Amino acid sequence: MKGKKKIYILLAFLAIFCVTLTACGKKDADNSVKDIKDKKTLVMGTSADYPPFEFPIVQDGKKKVVGYDVFIAQKIADKLGVKLKVVNTEFPSLVSELKNNKVDIVMAGMVSTKERKKQVGFSDSYFEVQNQALVKKGEANKYKQKGTDFKNKTVGVQQTTTQETIAKKQMKGANVVSESKVPSLTTELKKGKLDAVVVENTVAADYVKKFPNDYEIAPAKLDTPKDLQNINIATRKSDKKLDKKINKILAGLKKSGELDKMLDKAQTLQSEKE
Ligand code: ARG
């Protein structure tokens, strides 16, 4: 009897040990792709204030977020055989939304900076950018040198972006104002409350094309260091399988020329928008 008891106790311990082991194993397992397939939805976090990457339009009386990033995300969802859900929040909170499992991926014209790389994973790059200063129509000639011509000027940037870093470092003596949304910055520029707004070249070009009487691009050359040039898709660091899958899809879209077409489509939609 005594010996039997010992065996029972041993077996009980063994059982607990196994359960703990599988539970831990499960937690560590990368189910990132499977989870998305199971819930039949890919959730993309974005900040729809950055044409042509993401911006709202009204279609059939309904507000909808479209843009280059959204079209790419839709392709990824299609390839995974799931629906795409776009969650629109402010840019500064996107990384934490991803880390807190509120979204599966972040696509927001987001550069894979060193700081962000410490917190989340990034796909291969699908677009490269440079930075420019958008100014009021007729004033571009005042801004030829980044180091001197913005002195005592008020320069708007989106909070927590690479533009904030660049403006603070390079526009000597400027009063840099950070806000959470790009359209408020461009409206303030138009009204003369700001003297310049730093955005990426693709975004600047879209604003000038759509509002040629309001804005132009300053000739002052801003430096965009190599590590602030690449736009990528962010995933959680644990979601390696999803990242791998995304890279494969991106490579296919690049090769087939679909990426370029999606950018064209986004730019056309933006310029036709009311
Ligand atoms: N590319 C810049 C960055 O990564 C700005 C991105 C802003 N994106 C947006 N959807 N507002 O910091």
Side-chain angles (χ1 to χ4, degrees), residues 43-57 63-74 84 86-99 102-103 105-134 155-171 176-189 194 196-207 210 222-235 262-263 266-267 269-270 273:
V43 185
M44 164 198 180
T46 195
S47 166
D49 62 347
Y50 212 55
F53 294 98
E54 43 267 329
F55 53 98
I57 57 163
K63 213 170 161 182
K64 187 174 162 192
V65 176
V66 295
Y68 186 41
D69 286 343
V70 183
F71 300 148
I72 297 174
Q74 184 62 59
L84 174 71
V86 179
V87 173
N88 184 16
T89 66
E90 289 183 354
F91 190 82
S93 55
L94 284 170
V95 167
S96 52
E97 293 272 306
L98 179 61
K99 284 172 77 182
K102 298 279 191 305
V103 297
I105 58 171
V106 166
M107 292 188 75
M110 186 179 269
V111 165
S112 50
T113 62
K114 266 191 219 112
E115 265 320 300
R116 291 178 189 146
K117 272 184 182 163
K118 284 183 198 156
Q119 306 195 57
V120 292
F122 282 105
S123 71
D124 293 337
S125 178
Y126 59 92
F127 200 72
E128 277 176 29
V129 287
Q130 295 290 325
N131 284 273
Q132 289 179 325
L134 196 66
V155 178
V157 292
Q158 188 172 32
Q159 257 166 27
T160 73
T161 59
T162 49
Q163 287 67 56
E164 190 176 52
T165 315
I166 288 171
K168 284 185 176 165
K169 268 204 190 132
Q170 299 179 26
M171 297 163 136
V176 178
V177 176
S178 302
E179 290 181 25
S180 64
K181 284 201 174 343
V182 174
S184 349
L185 293 168
T186 47
T187 306
E188 284 167 24
L189 176 62
L194 293 173
V197 173
V198 180
V199 282
E200 278 149 351
N201 51 341
T202 328
V203 178
D206 263 26
Y207 271 97
K210 194 163 162 63
L222 301 176
D223 256 6
T224 306
K226 198 85 192 96
D227 61 327
L228 302 188
Q229 289 178 8
N230 291 319
I231 304 258
N232 321 59
I233 302 175
T235 49
M262 286 189 256
L263 181 61
Q267 281 169 329
L269 271 174
Q270 160 70 3
K273 201 180 123 177

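Note that the structure is predicted; figures quoted are calculated from it, not measured. For ligands, and for the atoms within them, numbers begin at 1 and follow the listed sequence. Position 1 is the first residue of the sequence; numbering continues from there.
For Asp124, the side-chain contact (heavy atoms from CB on, under 4.5 Å) partners two or more places apart in sequence, or in a different chain, are Asn247. Qualifying ring-ring contact (aromatic ring centres under 6.0 Å, His included) partners for Tyr68, counting only residues two or more places apart in sequence or in other chains: Tyr126, Phe127. In this view, Thr165 and Lys169 satisfy the side-chain contact (heavy atoms from CB on, under 4.5 Å) rule, not counting sequence neighbours.
Judged by distance alone, the side chains of Asp49 and Gln158 do bring a donor and an acceptor atom under 3.5 Å apart. Gln119 and Lys99 form a side-chain donor-acceptor contact under 3.5 Å, judged by distance and modelled atom types alone.
Around ligand 1, the residues contributing at least one heavy atom under 4.0 Å from the ligand are Ser47, Asp49, Tyr50, Glu54, Phe91, Ala108, Gly109, Met110, Val111, Arg116, Gln158, Thr161, Thr162, Gln163, Glu200.
Applying the side chain to side chain contact (heavy atoms under 4.5 Å, CB included) test between Thr113 and each of Asn230, Thr161, Thr162 identifies Thr162 as the sole match.
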